[in-house]
Amino acid sequence: MASGTPRNRGQLTLSRWTSEVVPGIFVGSVSARVRDELWNAVADVVGNGAALLVHPAATEQGYAIRTAGTRRRVPVDFDGLTLIRMTAAPKAKETQSPS
């Protein structure tokens, strides 16, 4: 589960249930109920950021992916496999040079 806002670290207590292995990256083994509650809280506050959750699931790959917020990588189901589709990078605003 990735999310780096102070609210997620404090009020939502991600660090109580998981370990922050690098800034903004939380890893842990929690029950499905706790995982879903934490994910709902993160998704509610992610805003313009991005969050990713990878958890065990009864799939061919053995895991499922959830995302929230703005991101270039989008999980897509392809015949039962989750693949990652890259979206176009946001275009930079063109500036006009003075004439």
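All values below come from the heavy atoms of this structure, side chains included, with hydrogens, waters and symmetry mates left out. Predicted model only: the values in this text are computed from it and were never measured.
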Euclidean distance, Arg35 CZ relative to Thr18 OG1, rounded to 0.5 Å: 13.5 Å
Separation between CZ of Arg33 and CG of Leu38, rounded to the nearest 0.5 Å: 12.0 Å
Shared ILVMFWY cluster between Leu53 and Val74, side chains joined below 4.5 angstrom? no
Is the closest side-chain heavy-atom distance between Ile84 and Pro75 below 4.5 Å? yes
To the nearest 0.5 Å, what is the distance between CG (Leu81) and CD (Gln61)? 5.0 Å
Over all atoms of both residues, closest heavy-atom pair of Val42 and Ala51: CG1-CB, 3.7 Å
If you round to the nearest 0.5 Å, how far is NE2 of His55 from CG of Asp36? 7.0 Å
Is Met86 reachable from Val76 through a run of I, L, V, M, F, W or Y residues, each pair having side-chain heavy atoms under 4.5 Å apart? no
Could you tell me the separation between the CD1 atom of Ile25 and the CG atom of Leu14, rounded to the nearest 0.5 Å? 11.5 Å
Using the rule that Ile, Leu, Val, Met, Phe, Trp and Tyr join whenever any side-chain heavy atoms are under 4.5 Å apart, tell me whether Trp39 and Val30 fall into a single cluster. yes
Quick one: does Thr67's side chain have a donor or acceptor within less than 3.5 Å of a partner on Leu52's backbone? no
For atom CZ of Arg71, is the number of surrounding heavy atoms from other residues, nucleotides or ligands below 6.0 Å larger than 12? yes
